[in-house]
Structure formats: C-alpha cells, structure tokens
Amino acid sequence: MQKLLKTIALLLVITTVVFAAGCAGQSKENATEGAVEEATEESVSAENGSDAVFRSSDGEMPTYVVGTEAQFPPFEIVDSKGKVIGFDVDLMNAIAEDQGFKVEYLDQDFAGLIPALQTGNVDIIASGMTITEEREEEVDFSEPYINAGLALAVLTGNEDIQSVDDLKGKTVSVQTGSTGFLKAEELQKAGIIAEIKDFPHVNEAIEELKIGGADVMINDLPVTDAFIAAQPGVIKIVGEPLNSEDYGFAVRTGNTELLTKINAGLENVKASGKYDELLADLPNYMEE
C-alpha cells in the first residue's frame, strides 16, 4: 500500500512539471507574437510619421488628404450630389493618377487651410491659393499651375469706376484671407477705399456686389472671368489687372517627397495635353 502511494505521488509530480513547462512555452509564444504585432504597428506609425498618409496593410497606394475651400468656382465647388469638383480637383486627380497615389478632399474655410496643413489634418492644399512670400514662410508650394492676377469688377451699368483711381470713398467686397482682401487693406490704409466687406466665400462677395452692397469687388481674374462667362451681363471687369499672381499647390514645409510627386505629375499632365483640356473647361464649372 505504501509503495502504491509513492508511485501515485511521483506521477503527480511529473504531471505538474509537464503542465508548467507547457504553460511556459505557450506564454513565451504569445509574448513573441505580441512583440511582432507591436513592432508591425510601430513600423507603420513610423512610416506614416506626421504626414497623415493612410496606407492599408495589403500594400495599397497611399492616400493623401487634400484641403480645399469648395466655394471658389471654377477651381473648386460642390455639385448637386455633394461632391467636390472643379479645375483644381480635376488637375490634382490627374496628378495623383500619374504619380500613383489617391486623394480625399476635405472642405473647409479658406482661412483655415494653412493651419490645417501645419497641424497635419490635411497633406495638400488645392484651393486656388496664390503663391506669396508670406505664405512661403508657412508652407512649401509646388510649381505654379495657373496665372491669376487680381481684377476689379463692377455691375455692368456702372460707368463711374474704370480703375483704382476711381475707388476713393468706395466700398469693396472681397473674400476673407484672399490676396484680394490684402489688396483691399492696402488701398484702405492708403486712404483710397472707405470700407471693406469680406466674406468666407467668393460667391458671397459676388452676391454683395450684385445687390448693391458694395461698389466694386477685388477678386482673382480667372474666377471673375469664369463667372462672367457663365452669367453674362451681370458684372464686368474694369481697368488693368492690379498685379500678376500664380496659384500653387501647398504641402507642409519640408515634405519634399510629396512636393516632388506633385511637381512631376504636374509636368506630365501638362505634357500630355490634359492640362489644356481642363483649362478650356473652366467656365463649365460655374454652371454646376
């Protein structure tokens, strides 16, 4: 009987040792798997960095978030289905296709685009943004993709205003944060214009001119031209362009990889003839 008890005790010890060894092996395996999974997640995060680029685990092409103020026809506008369209959108889509990346559009007020880019909420600005020295201190611009000087616009029946010389005491409508707004501030400080009415969206500045709330509008020439083509007989451009400006796409300062892609794609789209096709279609976006 005593011999039998010793045998049972020995079997229990052996079973306990084997079970403990199995648990230890399983824990080690789980720990290894966890470490691999964690390392994978860290490598994805490191790859993405602060560029707000989304890459799927199955190796799909990167997607960049494009910030735009989609009430600036013909460069960007929301159609009847709620989709952002326009010259900038079509041009950026063509660049993305050429360079092998995807884009998603985020609509917001123009004045908030550069802060959104700097904080990483967007990767690219495509919003009829004029290249200026002040903005170049905050972002990196692509090569220019269109010339867009500032122009004066008045109602078609207005014969009193023919140039800047006729703006003494007048009220001007502009878009907030635009170069037209900066020009209006300059003229006001010089004692030429009396009042500035600024609006978040350019269509609101045009409407203010149409209803007589402003005597003149200062706005980008191609935008005003496109509006006139779509709705002739409402407003007209007077005088010579106030300056010569260029639009560019913007990325965060130092994001040379993305900037190189955009510039290369822009060059290829121009060379293919696609750019000229889009340019000829500018007035059509005003009809959406």
side-chain contact (heavy atoms from CB on, under 4.5 Å) between N121 and V65, intermediate numbers included
CA-CA 8 Å; N121 290 331; V65 179; over 6 Å; no

Begin from the C-alpha positions of V78 and K83 and carry the test side-chain contact (heavy atoms from CB on, under 4.5 Å) through to its verdict.
CA-CA 5 Å; V78 178; K83 182 180 179 181; over 6 Å; no

For L152 and L242: C-alpha separation, side-chain torsions, deciding distance, then whether side-chain contact (heavy atoms from CB on, under 4.5 Å) applies.
CA-CA 8 Å; L152 298 176; L242 304 183; 4.0 Å; yes

Pair D140, N255 - check side-chain contact (heavy atoms from CB on, under 4.5 Å), show working.
CA-CA 8 Å; D140 285 347; N255 194 346; 6.0 Å; no

What do the steps show when you test E138 against R135 for salt bridge (Lys or Arg N to Asp or Glu O under 4.0 Å), and what is the final call?
CA-CA 5 Å; E138 300 180 293; R135 287 172 179 162; over 6 Å; no

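More than 12 non-hydrogen atoms from other residues, nucleotides or ligands lie less than 6.0 angstrom from CD of E136. Counting non-hydrogen atoms of other residues, nucleotides and ligands closer than 6.0 Å to CD of E240 gives a total of 12 or fewer. Counting heavy-atom neighbours within 6.0 Å of K270 NZ, excluding the residue itself, gives a total above 12. At most 12 heavy atoms of other shown residues, nucleotides or ligands fall within 6.0 angstrom of atom CD in E97.
Distance check: D90 CG to L279 CG gives 12.0 Å after rounding to the nearest 0.5 Å. The distance from atom CZ of R252 to atom OG1 of T119, rounded to the nearest 0.5 Å, is 8.0 Å. Considering CD of E185 and OG1 of T179, their distance stands at 12.0 Å, rounded to 0.5 Å. Taking CD of E277 as the start and CG of D281 as the end, the distance is 9.5 Å to the nearest 0.5 Å. Going from atom CG of N263 over to atom NZ of K261 covers 13.0 Å, rounded to the nearest 0.5 Å. The CD atom of E257 sits 11.0 Å away from atom CD1 of I262, with the distance rounded to the nearest 0.5 Å.
Of the possible polar contacts, one joining the D79 side chain to the G82 backbone as a donor-acceptor pair under 3.5 Å is found. At least one donor-acceptor pair closer than 3.5 Å links the side chain of Y105 to the backbone N or O of V89. Put simply, the side chain of T176 gets close to the backbone of F199: a donor and an acceptor are under 3.5 Å apart. A side-chain donor-acceptor contact under 3.5 Å links Q108 to the backbone of G112. D166 contributes a side-chain N or O that, together with a main-chain N or O of Q162, makes up a donor-acceptor pair within less than 3.5 Å. At distances below 3.5 Å, not a single donor-acceptor pair connects side-chain atoms of D220 with backbone N or O atoms of P222. Looking only at distances, a side-chain donor or acceptor of T68 sits under 3.5 Å from a matching main-chain atom of A126. A donor-acceptor pair is defined here as one N or O able to donate and one able to accept, closer than 3.5 Å; such a pair exists between the side chain of T156 and the backbone of G233. Between the K236 side chain and the L155 main chain, no donor and acceptor come within less than 3.5 Å of each other. In terms of modelled atom types and a separation under 3.5 Å, the side chain of S173 and the main chain of E208 share no donor-acceptor contact.
Linking Ile, Leu, Val, Met, Phe, Trp and Tyr residues whenever their side-chain heavy atoms come within less than 4.5 Å places I146 and V251 in a single cluster. Under the 4.5 Å side-chain contact rule for hydrophobic residues, V269 and L259 share a cluster. Each of I218 and I235 belongs to its own hydrophobic cluster when Ile, Leu, Val, Met, Phe, Trp and Tyr are linked at side-chain heavy-atom distances under 4.5 angstrom. F110 and V172 sit in two unconnected hydrophobic clusters of ILVMFWY residues. Membership requires side-chain heavy atoms under 4.5 Å apart, directly or through other members. Residue L182 is not grouped with residue V139 when hydrophobic side chains (ILVMFWY) are merged at heavy-atom distances under 4.5 angstrom, including chains of intermediate members.
Side-chain contact between D225 and F227: absent, with no pair of heavy atoms (C-beta onward) separated by less than 4.5 Å. In this structure, the side chains of K102 and P62 stay at 4.5 Å or more apart for every pair of heavy atoms. Residues F181 and I196 form a side-chain contact, since some pair of their non-hydrogen atoms from C-beta on lies under 4.5 Å apart. Proximity of I161 to D215: side-chain heavy atoms (C-beta onward) are separated by under 4.5 Å at one or more points. Side-chain contact between N243 and E245 is present, with at least one heavy-atom pair separated by less than 4.5 Å. Residues L150 and S244 fail the side-chain proximity criterion, which asks for heavy atoms closer than 4.5 Å. Annotation: side chain of I206 is in contact with side chain of K210 (closest heavy-atom distance under 4.5 Å). Counting only heavy atoms from C-beta outward, the side chains of T171 and V216 never approach each other to under 4.5 Å.
In this structure, P241 and L221 approach most closely via the heavy-atom pair CG-CD2, 4.4 Å. Closest approach of I124 and L258 over heavy atoms only: CG1-CD2, 3.7 Å. Between A153 and L209, the closest heavy-atom pair is O-CD2, 3.5 Å. When all heavy atoms of N268 and Q99 are compared, the pair lying nearest together is ND2-NE2, 3.9 Å. The minimum heavy-atom distance linking G67 with L113 is given by the pair C-CD2, 3.6 Å. Looking at every heavy atom in both residues, V202 comes nearest to Q71 through CG1-O, 3.4 Å.
No donor-acceptor contact under 3.5 angstrom links the side chains of H201 and Q175, judged on distance only. At a cut-off of 3.5 Å, with distance as the only test, no side-chain donor of Y145 or D246 sits close to an acceptor on the other residue.
Taking the six-membered ring for Trp, F141 and F249 have ring centres at least 6.0 Å apart.
Ring geometry, Y247 versus F72: the interplanar angle falls from 30° to 60°, so the pair is classed tilted.
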